[in-house]
Number of protein chains: 2
Amino acid sequence: MTRAFDSHDHTHCEKTGLAELERHCADNKLRLTPVRRRVFEILQSQHKAMGAYDILEILQKEGLGSQPPVAYRALDFLVGNGFAHKIEGLNAFIACSHPGDNHIPAFLICRKCARVAETDPQTNALRRQASDAGFSIEHTVVEAMGVCPDCSETAA
Amino acid sequence: MTRAFDSHDHTHCEKTGLAELERHCADNKLRLTPVRRRVFEILQSQHKAMGAYDILEILQKEGLGSQPPVAYRALDFLVGNGFAHKIEGLNAFIACSHPGDNHIPAFLICRKCARVAETDPQTNALRRQASDAGFSIEHTVVEAMGVCPDCSETAA
DNA sequence: GCTTGATATGTTATACTATTACAGATAGCA
DNA sequence: TGCTATCTGTAATAGTATAACATATCAAGC
């Protein structure tokens, strides 16, 4: 679950992610427009969170859009369909590393290299407490900021 | 742990919170300046998260400061010393409901009435996964958005 | 009490993040 | 083809946060 911090063949991540996105859109009659596809590719190209304006800058260079709403709309689409998550602590976005399944994600975020690994928080205690309090959860944010193994070694 | 959603004598919250803040500052030779004290009182006055600019507006009316850094500095002081938390999902701040102990907080946030209850997430699974991945956690954000019991009844 | 150094405040300006609103284009279907 | 929903283009603006630097205040040691 913490592949972002391990060396791996990243082209595999990219290919399978894009394929899943295509399949999901086809199955659900969603329009995978050039901007949406490209924003997903950009997010997917690395295990780092990117700000909306970073993405917009790339779109601008490629002639795919010039104003903030272009980026935010594409991001809303991806987040809404489970293909990206917003990292609230960074005001940034990251491609979902296992889209499609209806999960509650948790993130390990390195403050040095900005890489983000998605894991499973298993928030049973929180769910039980919410349930006991009569609170119905619609969305959860679980983010752990810290230092990843690579950056930790570098410091030592 | 979810007092925010129960009816209670709120003046008790306010008194004990302020007393703890005063004691902590005295013990640690921290300067509890008028702005800092007042911002804590404002946050403490309700179990809701407030934006920095909401707080600034109040400070302005009271002649305690007119520019954003005044509010952000006071908030940084409170957050840094454990007397307030930032709710990342709202870009807002809330007084800590049990300051002093070195805890990992979790929040239940009602999207209808904006009340926020602080609970204990018991994030053992997350900690174990981080540890397994060689990731060292420095700060965690656990926020559950949803509907509180009062608002849920109202809707029904 | 006075000096000194550290900490806090006042203020201007600006950077960064996000949305509203409306006009125009495109896709899919009757 | 024409209708309708959806997506895109663009301008304007709202909302959140910080940098930078000058001034003021505090607390400790002389």
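Not measured: the values here are computed from a predicted model.
Remark: P of C:dT17 and CD1 of A:I87 are 14 Å apart, rounded to the nearest angstrom. Nucleotide C:dA18 holds its C1' atom 10 Å from the CG atom of A:D76, rounded to whole Å. In this structure, the CD atom of B:Q67 is 17 Å from the P atom of D:dT23, given to the nearest Å. Atom pair B:L90:CG and C:dA18:P shows a separation of 13 Å (rounding to whole Å applied). What separates OH of A:Y72 from C1' of D:dA14 is a distance of 12 Å, to the nearest Å. Going from atom CG of A:N91 over to atom P of D:dT16 covers 11 Å, rounded to whole Å.
Here the straight-line distance linking atom NZ of B:K86 with atom CG of B:L78 works out to 14.0 Å at 0.5 Å rounding. Atom CZ of B:R111 is separated from atom SG of B:C151 by 9.0 Å, given to the nearest 0.5 angstrom.
Checked against a 6.0 Å centroid threshold, the rings of B:H10 and B:H8 count as neighbours.
Shown for residues 32-66 of chain A: residues whose heavy atoms fall under 4.0 angstrom of DNA chain C, namely A:Y53.
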Run the side-chain contact (heavy atoms from CB on, under 4.5 Å) test on A:L108 and A:F5 for me, step by step, so that the C-alpha distance in whole Å, both residues' side-chain angles and the decisive distance to 0.1 Å come before the verdict.
CA-CA 10 Å; A:L108 303 178; A:F5 301 143; 4.0 Å; yes

Derivation of the side-chain contact (heavy atoms from CB on, under 4.5 Å) call for B:V70 and B:L64
CA-CA 9 Å; B:V70 174; B:L64 278 170; over 6 Å; no

Full working for side-chain contact (heavy atoms from CB on, under 4.5 Å) between A:M50 and A:I58
CA-CA 11 Å; A:M50 298 184 73; A:I58 295 174; 4.0 Å; yes

side-chain contact (heavy atoms from CB on, under 4.5 Å) between A:V141 and A:H139: does it pass, once the steps are laid out?
CA-CA 7 Å; A:V141 174; A:H139 175 67; 3.8 Å; yes

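Between A:F135 and B:C110, the closest heavy-atom pair is CE1-N, 3.9 Å.
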Distances under 3.5 Å between nitrogen or oxygen atoms of protein and nucleotides 20-28 of chain C:
| residue | atom | partner | partner atom | Å |
| --- | --- | --- | --- | --- |
| C:dA21 | N6 | A:R73 | NH2 | 3.3 |

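Comparing B:A92 and B:K29 by the nucleotide of DNA chain D that holds the closest heavy atom to each, the one mapping nearer the 5' end is B:A92. Residue-to-nucleotide proximity on DNA chain C shows that, of A:F93 and B:F77, the 5′-proximal contact is made by B:F77.
Residue A:K86 is in sugar-phosphate contact alone, with no base atom involved, counting any heavy-atom pair closer than 4.0 Å across all strands shown.
In the displayed structure, B:Q60 atom CD is contacted under 6.0 Å by more than 12 heavy atoms of other residues, nucleotides or ligands.
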